[in-house]
Each structure stands twice: as structure tokens, then as C-alpha cells.
Number of protein chains: 2
Amino acid sequence: MDASIDGNGEGARDQLIRVAIDLFAENGYAGTSIRDIAKRTGKSVSNVYHYFQNKEDLWLAIIGKTVNELPEKLRKVALSEGEPVERFVRLMKTHLAEGVNFQQETKIFFINEGSLSPQGRTSNRRIQKEILDIYVGQLRLLQSHGLIRTKNVKILAFNILGVLNWHLRWFNNEGELSAEDVHNEMIDFILYGSCGLPRDGMK
Amino acid sequence: MDASIDGNGEGARDQLIRVAIDLFAENGYAGTSIRDIAKRTGKSVSNVYHYFQNKEDLWLAIIGKTVNELPEKLRKVALSEGEPVERFVRLMKTHLAEGVNFQQETKIFFINEGSLSPQGRTSNRRIQKEILDIYVGQLRLLQSHGLIRTKNVKILAFNILGVLNWHLRWFNNEGELSAEDVHNEMIDFILYGSCGLPRDGMK
DNA sequence: AGAAGGCTAGAACGATCGTTTTAGTCACGT
DNA sequence: ACGTGACTAAAACGATCGTTCTAGCCTTCT
């Protein structure tokens, strides 16, 4: 039998991660104990410590495959071919799609900065800085094409990230509107706010 | 001597609140212990319990005079006289000014939902709902004047609140740009995004 | 002088925290 | 058959948590 699949179709390690994500999102990092996680999985405390070195290691395992890889994914889009505005739209669509994919993980990422070790805190800040820089870079490019209304692209980038990141708090993928519809409205809002113009040549 | 003023010009209770705000903002609610607060004030643990019934009571004392009163302040502006767009701008300026006034308190408010008691959690949600409703109401009014680009004002309200609330995370009042300049750029972004138009008749 | 009460400190209580230790089961290679 | 190593459970460790208890100071009123 496949070693990565057990009887109920989910490895013990994956189950621990899934439950930890739920609990971290509900009660925060400091507000969630190892015993809470063990209890909800039906496993024992030592089981957690068999798969993870400590609590922060479990945290990093959650962030590692999701938020940590976000800057690289966004950079790939930012450096891709295409017309500037269209690429900018693609950048935001990628960003929003990742947000829906890893909604809880990203929410956790933003909410629990204060409870981490100094290394975790630094890594957290670095990721946010990288993402900000990607947007600032794209906005400067658009600005050089005369497409941006204002001078201060950094404020603009913060505004855009506010819209994109806040969406993690309110968007419900089980709602009546499709993610694509919601995202298109958000992107229109941002494009009007940034360029004073609607999306260009997009369907 | 005035009973509310002690030797160093700050009452013990006020000092405890001030330090608690700092620590809650740094390490979160669950991540901050009563002993941490006592230690930084130089006072004892029982001193905290002399002025506050328990930890959550201290939390509520912090939120009580700041975030709790925000919906009422915004509602007052929302119900005031004036031209719709101008009033909408005044609403956001008030919102942003309060955010700068109580930046740490409001940040705490958003970050620590998960660590509160059920009552605290409910009250937290209620406040956020009230603020959302105020913006939805204003947007509907603007919509009835034909000033809104889109149909779904709720998404629009979330986008706006994203911009306004995210600003609590990055804005530094000691920076080179004045709060007014930054806020005007933010409001322009929102107005373009919402109406497709710049501020009207504003200086 | 003496009682009362606001304010403070320090010790103590039971609970819970993250983590470690000990021990057990089971599958598998030799 | 035997040992090895992955996995799991339960108990225990020291530290820290929120909170309470006891007791002391100091001011104010009588």
C-alpha cells in the first residue's frame, strides 16, 4: 500500500497540519495549544512532536508551502511577457487566486506576527516586504508609461495590498458570487483607483 | 493636590492601560501576560487586579473609549447635512483621523478576535458589522444618485474598508509625509475606484 | 488616637503551557 | 526468530498562566 496514504485517506502528518490551520485561524498561534491540536485530531501530544520539532516548526510547515512561496509565484508573473496593464491584472489575479487557495494560511500569517520567535518574525516581515516591492516595481513600470495618476506609488501599493489582503477576511468561497466575479470587481476597483481607468481589453 | 494626577503626571490606571496597549500590540492578547504588564510598569500583579477585574476587563477598558465609539462617530457624519460625495469624503476623513488617533488600539482590535471570550467576540463582530453597514448605506445613497460604477456595493464597501484598515498597519505618523497628504491620496484612490471620479470640489 | 479604605507588594493556588521521557505496538528486513 | 525503526500513548517535568490571598503602608475622617 502507498506509504503516504493510510486507511482513512489522509496521512497523520497532513491531518495534524489541517487541524492546526483550523485552530490557529480560530484562536491564534498563542491561543492554540499543542494539546488542543492533539485532542481534535484524536491523536496524542507526542504524536505532534513525532512529526514536528516544536510548535513553531509546525507553524513553519503550514506557512512554508503556501505563503512562503507566494513572492516567487508573484515575481514570476511580474517578470513575464505582455502588455504592462494586462500583466498587472494577471499579477493581481494570481495573488487573489492564491489567497483563495490558502485563505486560512494567509490569514494566520497576517494575524500572528507578534507571537513568533525573532527568526519567525523576521522571515514574516521579509515576505511582506518582498510582495510590497513586487507591486511597487509594477507600479513604477506603469508610471513610466504614464498610466498612473499619482506620484507616490508606495501609498498606491499599500492601498492595493489593503484591498487584496482584506479580502481574506471577508471572502466566502461558498457564497453566491463566484470567486472570479468578485475578483474582477476588486481588480476594477483597483485599476480605477490606480490609473483612473477600467481594465483594458479584458473580458 | 489633584487626585487624578500623581507625582510623575500620570495616574497608575492610565499607565497600566498605556503599557497594556503597547504589549498587546507587540505580542497580541494571548501573548501578553498580566505579569508582563506589571513588570513593564514597575508595579505589581495585584495592582493590575486592583484597577481591573480581570484580563479581559483590561482589554475592554482599552477598546471601550476608542474603537467602541467609532461606529457612533461615523454614524454622526453619515447622517449629517451636505452633498453626498462631500459627506462621503468627510466620513472617510473622520475614519482615518480616528485610526491615527487610536492606531494601536484599532490594530489590536483587528488582530486578537480569536483570543476573546464569546461575549467579547460577539461585541467585536457587532462593531465591525456596524461600520460596514454605515459604508454600505452611504454607497447606496451615492448609487441612487448614479455616482457608483458597479452594482454590488457590499464588495465596494469591503474594498474601501480594506484600504482604510490596512493603513493602520503601515502608516507611520512620524514619517515625512503629513497624515493629511497621505489620507488625501487614499481617498482619491477610493473615489476613483468607487465612482471613477476624483474628489469633487475639494481642495 | 484610632478606624477605614485606597493602593501596593509578595506569596501562593490550581490550571495549563511546551516539551521530554518512558514504554508500548506493529511492520519489515535479516 | 530477532532486532530495528516508525508510530503512538501516557505520564511527568519545570515554567508560566490568570487569579486570589494576606498583609503592609499611607492618607483621610472622626
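These numbers come from the heavy atoms of this one structure, side chains and all, not from hydrogens, waters or symmetry mates. The chains referred to below are lettered A, B, ... by the order of the sequence lines, with proteins before strands, and numbering in each begins at 1.
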Nucleotide [N], atom [atom2] - distance to [atom1] of [X] in whole Å:
X     : N      : atom1 : atom2 : answer
A:L23 : C:dC17 : CG    : C1'   : 15 Å
B:R13 : C:dG6  : CZ    : P     : 15 Å
A:L58 : C:dG18 : CG    : C1'   : 12 Å
B:Q53 : D:dT20 : CD    : C1'   : 14 Å
A:F52 : D:dT8  : CZ    : P     : 12 Å
A:L16 : D:dA6  : CG    : P     : 17 Å
A:Y49 : C:dT20 : OH    : P     : 7 Å

With a 6.0 Å cut-off on the ring centroids, do B:F189 and A:F189 count as close?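 Ring-ring flag for B:F189/A:F189: true, centres closer than 6.0 Å.
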
Hey, would you say the B:Y192 and A:Y192 ring centroids sit under 6.0 Å apart? no

Phosphate contact ([N] OP1 or OP2) by [X] side-chain N/O below 4.0 Å:
X     : N     : result
A:Y51 : D:dA6 : no
A:H50 : D:dC7 : yes
B:N47 : C:dC7 : no

Non-hydrogen side-chain atoms of A:F171 and A:V182 separated by less than 4.5 Å: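 The answer is yes, as the side chains (C-beta and beyond) meet within the 4.5 Å cut-off.
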
Where is the tightest heavy-atom contact between B:W166 and A:F158, given as atom of each residue plus distance?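 B:W166 and A:F158 have their closest heavy atoms at CD1-O, 3.7 Å.
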
Kindly give the heavy-atom pair with the smallest separation between A:A12 and A:K43, and that separation in Å. CB-NZ, 3.5 Å

Exactly one of A:R75, A:R87, A:R90 clears side-chain hydrogen bond (donor to acceptor under 3.5 Å, both in side chains) with A:S80, and that residue is A:R90

B:R169 vs A:E113, test: salt bridge (charged side-chain N to carboxylate O under 4.0 Å, His left out). Steps then yes/no. CA-CA 12 Å; B:R169 298 178 67 108; A:E113 293 174 333; 3.4 Å; yes

From C-beta outward on B:V45, which listed nucleotide comes closest to its side chain: D:dT20, C:dA9, C:dT21? D:dT20

Give the residues of residues 29-41 of chain B touching DNA chain D, defined as any heavy atom closer than 4.0 Å, sorted by residue number.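 Per residue number, the list reads B:T32, B:S33, B:I34, B:R35.
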
Could one point to a donor on the side chain of A:S44 or the base of D:dA10 with an acceptor on the other under 3.5 Å away? no

